[in-house]
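Right, one structure below, let's go through it.
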There are 2 protein chains.
Amino acid sequence: MSNSEEFDLRDFFPYLLNLAAEESSLDFQAYYKTRYGMLRMEWRVLFHLGRYGEMTATEMGQRAKLHKTKISRAVKALENRRFLTRHEMESDRRNELLQLSALGKAAYDDLHELAQKYNQSLADQFSKKEQAVLRSCLLKLAKL
Amino acid sequence: MSNSEEFDLRDFFPYLLNLAAEESSLDFQAYYKTRYGMLRMEWRVLFHLGRYGEMTATEMGQRAKLHKTKISRAVKALENRRFLTRHEMESDRRNELLQLSALGKAAYDDLHELAQKYNQSLADQFSKKEQAVLRSCLLKLAKL
DNA sequence: GTCTTTTTGTTACAAATGCAACTGATTTTA
DNA sequence: TAAAATCAGTTGCATTTGTAACAAAAAGAC
């Protein structure tokens with residue numbers, strides 16, 4: 001029925017990508033979760049604000065391809081924990097400018113630095129050449 | 001504050017992997033979802049049984065690194081839809097041998113073939129060399 | 001001007017997941 | 001062999017997510 005030459009899950013890129021994504025996120029996730037009580041979306045929002053400066057939720061949604069409900073909830077959670085503040089824009093009161101508080105910036109700096117080290121430890125498994133190929137393939141697959 | 005040489009989300013492998021995994025799964029996911037009403041876990045369980053033959057839930061859990069509750073629920077759903085049957089093992093009545101029904105096998109054959117084509121279309125974006133590097137990096141990252 | 005449409009962001013409800021407690025079967029220990 | 005520990009699998013509950021309906025503000029039609 002199923003001979004050993006057959007197409008295997010280990011050959012199926014979506015499967016491999018999912019496993020690799022989960023596995024490679026675990027330790028970092030554990031850090032921001034236990035240290036700052038953040039969820040993945042909250043970490044992403046924090047990162048975007050820390051990295052690219054203040055912006056509105058819609059702007060972030062376009063940049064990061066995140067749905068507005070995800071952002072809305074992450075922003076609320078971050079606001080409750082005093083990591084960011086919102087400022088209604090006078091030009092259009094539907095828009096809110098999001099920006100990190102000092103607390104948020106401190107968390108960003110810490111996580112940013114850790115992310116960099118963490119990433120390096122992942123990359124160190126591979127040669128420079130492999131890293132470059134991997135990165136460019138992932139960018140293509142992610143349609144970035 | 002944040003200069004443009006700074007470490008970016010696009011350099012962060014866990015992030016890239018997550019996006020690539022999501023994006024690359026979308027179309028295939030849509031197929032088994034609309035065609036067979038399956039969830040991701042159900043497709044994985046179906047695939048394992050179709051590809052590797054009958055086995056117990058625990059065996060599958062080890063093979064696929066899936067938690068037993070996920071398997072339990074996926075098995076129940078597949079059983080309800082008549083895609084598989086269970087057989088209590090006489091040697092140890094805690095164990096249940098899972099095997100695909102004819103219906104399940106048909107679904108597996110269809111999805112297996114599609115997965116292969118789908119995978120090929122993903123792979124076609126890259127050179128043979130790149131494909132090999134990508135695959136080996138992902139296997140390492142996934143700790144397989 | 002006011003009526004309709006679009007846009008920003010929130011909320012409500014259903015589905016999916018993770019974790020821990022549970023049942024029933026088997027093995028170990030004393 | 002009786003009590004305790006272990007193991008396979010299930011269920012319940014709390015958390016997270018996805019979808020769609022929603023309210024408020026702004027823009028456009030007329």
Side-chain angles (χ1 to χ4, degrees), chain A residues 18-19 21-23 25-27 29-30 32-34 36-46 48-49 54-81 84-99, chain B residues 18-19 21-23 25-27 29-30 32-34 36-46 48-49 54-81 84-99:
Chain A
N18 267 290
L19 289 194
E22 271 176 48
E23 186 64 41
S25 303
L26 279 181
D27 292 344
Q29 192 165 23
Y32 62 67
K33 191 165 185 173
T34 62
Y36 297 102
M38 281 186 202
L39 302 177
R40 194 159 48 113
M41 279 308 144
E42 295 162 20
W43 142 248
R44 283 197 192 169
V45 167
L46 183 89
H48 270 268
L49 292 175
E54 58 187 32
M55 62 180 84
T56 68
T58 303
E59 238 175 301
M60 190 181 305
Q62 289 164 345
R63 238 182 211 287
K65 295 210 280 186
L66 293 178
H67 196 270
K68 58 186 180 171
T69 60
K70 283 186 178 177
I71 296 179
S72 171
R73 291 197 259 240
V75 165
K76 192 203 275 183
L78 290 171
E79 189 187 30
N80 287 341
R81 292 163 170 280
L84 64 76
T85 57
R86 326 190 195 207
H87 300 279
E88 217 176 46
M89 288 173 73
E90 292 182 13
S91 59
D92 183 340
R93 284 189 300 146
R94 290 172 305 183
N95 274 314
E96 293 180 320
L97 207 57
L98 307 171
Q99 56 183 101
Chain B
N18 268 291
L19 288 194
E22 271 176 47
E23 186 64 42
S25 303
L26 279 181
D27 292 343
Q29 192 165 23
Y32 61 66
K33 191 165 186 172
T34 63
Y36 298 102
M38 280 186 204
L39 302 177
R40 194 158 49 113
M41 279 308 144
E42 296 163 20
W43 141 250
R44 283 195 191 171
V45 167
L46 184 89
H48 269 269
L49 292 176
E54 58 186 33
M55 63 181 83
T56 67
T58 303
E59 238 175 300
M60 190 182 302
Q62 289 164 345
R63 239 184 210 285
K65 294 210 277 185
L66 294 177
H67 196 270
K68 58 186 181 172
T69 60
K70 283 188 179 178
I71 296 179
S72 171
R73 290 197 257 242
V75 165
K76 193 203 273 182
L78 290 171
E79 188 186 30
N80 287 342
R81 293 163 170 280
L84 64 75
T85 57
R86 326 189 194 206
H87 301 280
E88 216 177 46
M89 288 173 74
E90 292 182 12
S91 60
D92 184 339
R93 284 189 300 148
R94 288 171 306 182
N95 275 313
E96 292 182 319
L97 208 56
L98 306 171
Q99 56 183 100

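Since we're looking at a predicted model, the values are computed, not measured. Letters A, B, ... mirror the listed sequences (proteins, then strands); counts begin at 1.
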Handout entry: Heavy-atom check, side chain of A/H48 versus side chain of A/R63, under 4.5 Å
Key = yes
Interatomic distance, [X] [atom1] vs [N] [atom2] [rounded to whole Å]:
| X | N | atom1 | atom2 | result |
| --- | --- | --- | --- | --- |
| B/N95 | C/dT27 | CG | P | 10 Å |
| B/E88 | C/dA25 | CD | C1' | 9 Å |
| B/E96 | C/dG24 | CD | P | 14 Å |
| A/M60 | C/dT8 | CE | P | 14 Å |
| A/R86 | C/dG9 | CZ | C1' | 9 Å |
| B/L84 | D/dG9 | CG | P | 13 Å |
| A/K68 | D/dT17 | NZ | P | 18 Å |
| A/K76 | C/dT10 | NZ | C1' | 7 Å |

Roughly how far, to the nearest 0.5 Å, is the [atom2] atom of [Y] from the [atom1] atom of [X]?
| X | Y | atom1 | atom2 | result |
| --- | --- | --- | --- | --- |
| A/K65 | B/E23 | NZ | CD | 4.5 Å |
| A/E54 | A/L84 | CD | CG | 12.0 Å |
| B/L98 | B/M60 | CG | CE | 5.5 Å |

Check [X] against [Y] and note the closest heavy-atom contact, atom names and distance.
| X | Y | answer |
| --- | --- | --- |
| B/N18 | A/S25 | ND2-OG, 3.3 Å |
| B/V75 | B/V45 | CG2-CG1, 4.3 Å |
| B/R40 | B/Y32 | CA-OH, 3.4 Å |

Handout entry: Base-contact (B) and sugar-phosphate-only (S) positions in nucleotides 2-7 of chain C, heavy-atom cut-off under 4.0 Å, - elsewhere
Key = -----B
Handout entry: Nucleotide nearest B/R93 when distance is taken to its side chain, options C/dA25, D/dA8, D/dA26
Key = C/dA25
Any protein N or O atoms within reach of nucleotides 16-19 of chain C? Criterion: under 3.5 Å, listing atom names and distances.
residue : atom : partner : partner atom : Å
C/dG18  : OP2  : B/K70   : NZ           : 3.4
C/dG18  : N7   : B/R73   : NH2          : 3.2
C/dG18  : O6   : B/R73   : NH2          : 3.0
C/dC19  : N4   : B/R73   : NH2          : 3.4

Exercise for the section: Say whether, by atom type as modelled, one donor and one acceptor occur between the side chain of A/T34 and the main chain of A/A30 under 3.5 angstrom. Expected result: yes
Problem - A/K68 backbone acceptor or donor facing A/S72 side chain under 3.5 Å - result: no
Handout entry: First encountered from the 5' end of DNA chain D, between A/S91 and B/I71
Key = B/I71
